[in-house]
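Have a look at the structure below, then the notes.
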Amino acid sequence: MPDSIMNSPGSLIVGTAGHIDHGKTSLVRALTGVDTDRLQEEKRRGISIDLGFAHFTLPSGREVSFVDVPGHERFVKNMLAGVGGIDAVLLTVAADEGVKPQTREHFDICRLLDLDRGLIVMTKADLVTPEQMGSSVAAVEGLRRNSFLAEAPIIPFSSATKAGLDRLLDALESLVDKPKKGARSDTMRLPIDRSFVLKGFGTIVTGTLWGGSLRVGDTVRIHPLNRDVRVRGLQTHGMATPAVSAGQRAAVNLSGIDHTEVKRGFVLTLPDALAPTKTLHVVMNWLVPHAEQPSPREDLLLYAGTSEITAGMRTLEGEYREGQSLVQLDLSEGALLLPGDHFVVRRPSPPQTIGGGTVTDAFPPKKLSRGKAAARLRKLHKGDLVSQLELFTSERENGRSLDELGRLTGRSAAQILAAVSGSQVLIVDEASRRILTRDWLARRRNALVTWLEAFHARNPALPGAQVAAARLGLEHSLASFVWRDFAAVQQRGDLIALAGYQPQVNKHEAAALLRIEQHFRSAGYQPASPAEVLRDLGTDPEIGRRLLERLIKDGRLVRITDTLVFHTDVITHIRTSLAVHRGRRFSIPEFKGWTQISRKYAIPLLEYFDHQHVTRREGDNRIVL
């Protein structure tokens, strides 16, 4: 394969559109030298049946990719698979026939898919008189009025004589110069429009990258197969490249899968980045009058990206409105659609494009009345990303994860975090990668304070509650987020308390604390187990354990193991004794000689000092640090 290059920033993907036999394929061939009719049946019948692809370099050096679509009404579904990923349209109108049914349908489809630029080419200009050309141009003027092509150049052109070629090339240069719409999402998606095998390389799929970037060596997931494969190679404009980015057409060489397993309508994504949906809430724009709008029992065909999916439709507003409606689409199979994606809806029989629109919610709540669903849909449709995130987050008691919000909005974690930084309502817990509302945090903190007040009232002698109990049903990371940087509480070890709280003990408990501490101080290097100490002192076991824990938390006793506790003076004395021997290697018998303690206590103590980085074990010996 040729040396790798990257597409120049000035590049464009252009799709043809227009009635059958209005010169779309001849126009592309005249510009590129490529015959996009690659099928035998296409050559035999002289019409385009499937998508064709070609590319060429403008005089300025900028690259243009062409997607040539069929014009016959029977192949509109193939046309729809081609226009989903284009930047601009070449609307072709044969000067000797003027505007025809598929001219109008293709033009309407381009409007429904929210294209914002293009050219109008009057083909077969060499076959008409000036009067015929004027009549055809007048019909085009009427068609394009108040549309995205209202100011587009109308260029007479002859594929046979190349008359008009210079003007067409200049117009294409101007299209490239105009800033393209940025990718709405930087989540990688590549709807597949073709799959074939290339000798020496294996399976090749082609399509336009809708977001993010794709690199050689990446692992990608093929939906709906839910199968992960590796990107073996990439090409754009027929040249090998290490990576492609949003808005570029690409040929992707996949390893580990046969080309017969991959079909048009499948989608490449990064693993676990997106999830399929079977229910959509959308804003629908109609091409048909109210009387021709579909019934809830009618099967329709949804076209989005390169996919064709059977769908049912029902209104969320009581009845369909004349120009635009809020509707629910129920899909026969899962689709990888995100908010902001455009789609077209057709009747299968008789074939008719009835409308299209924009996905607003790809994962709507299941148990909402129509009225509430419609009100929610309006808010999402009119809102920016920040307001959408605020709505999605407030719908869940404990907020939503970044991954979940990515699936709901179609945005990457970086885009979401940037939006949250500009919100007065939302906050982010980085530890749990979760977005929450500030109101949720305030309510949770108030609940924690109330709970601790009650705990201290019930347990005045305890220095605090166990952290695990104070989570109040939250997972650890979220609970930690609640009390992190919260001045009203203090956490020490595995205990949490109200800030400044001091345990309260009565005179009997104070006396017991003194007796327990004195017992361990007197025991020196050979204390009994805590249970034996409490039994010998005649202390109630439950009260005794609580008092013992308080002495440990206060630093007056040191727990070495569950059954071995020393007075802190003993531990301090041993530390001081060891410090004199810093850097010295010693054995357990030597340690016993220094401290005059038995092996029963020596080994647990040394393991404790290893953990405290006072000593370091090396085989059977230790070194004083």
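Quick caveat, the model's predicted, so the values are computed rather than measured.
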Checklist entry - About how many Å separate CZ of R346 and CD of E105, when rounded to the nearest 0.5 Å? => result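 Answer rounded to 0.5 Å: 4.5 Å.
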Would a 4.5 Å heavy-atom cut-off, applied to side chains only, mark [X] and [Y] as touching?
| X | Y | answer |
| --- | --- | --- |
| I120 | I155 | no |
| R144 | L91 | no |
| F107 | S147 | yes |
| Q388 | L385 | yes |
| Q293 | I354 | no |
| V288 | T353 | no |

Pairing residues for [X] by the side chain to side chain contact (heavy atoms under 4.5 Å, CB included) criterion, not counting sequence neighbours:
| X | answer |
| --- | --- |
| T269 | R189, R221, H223, V267, L274, L336 |
| S325 | W286, E317, Y320, R321, V327 |
| T358 | H342 |
| S174 | none |

Which residues satisfy the salt bridge (Lys or Arg N to Asp or Glu O under 4.0 Å) test with [X], sequence neighbours excluded?
| X | value |
| --- | --- |
| R376 | D361, E395 |
| D96 | none |
| E97 | none |

Checklist entry - Quick check: are there more than 12 heavy atoms from other residues, nucleotides or ligands sitting under 6.0 Å from CZ of R370? => result yes
Item to check | Any donor-acceptor N or O pair under 3.5 Å, side chains S423, E390 | outcome: yes
Checklist entry - If you measure only the distance, is there a donor-acceptor pair under 3.5 Å linking the side chains of E173 and S60? => result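 Yes, a side-chain donor-acceptor pair sits under 3.5 Å.
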Checklist entry - Nearest heavy-atom pair of F343 and V359: which atoms, and what distance? => result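 What the structure gives for the nearest pair is CE2-N, 3.9 Å.
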Next on the checklist: Once side-chain hydrogen bond (donor to acceptor under 3.5 Å, both in side chains) is applied, do any residues pair with D384, and if so which ones, sequence neighbours excluded?
Outcome noted: S387
Item to check | Summary of salt bridge (Lys or Arg N to Asp or Glu O under 4.0 Å) pairs that have at least one residue in residues 119-134, sequence neighbours excluded | outcome: D21-K124
Item to check | Within residues 291-300 or reaching into it, pairs that qualify as salt bridge (Lys or Arg N to Asp or Glu O under 4.0 Å) - sequence neighbours excluded | outcome: E298-R347
Determine all donor-acceptor pairs shorter than 3.5 Å in which one atom belongs to a side chain in residues 163-172; sequence neighbours excluded.
{"residue": "R167", "atom": "NH1", "partner": "I154", "partner atom": "O", "Å": "3.3"}
{"residue": "R167", "atom": "NH2", "partner": "I154", "partner atom": "O", "Å": "3.3"}

Next on the checklist: Going by ring-ring contact (aromatic ring centres under 6.0 Å, His included), name the residues that satisfy it together with F196, two or more places apart in sequence or in a different chain.
Outcome noted: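 Counting only residues at least two positions away or on another chain, F196 forms no ring-ring contact (aromatic ring centres under 6.0 Å, His included).
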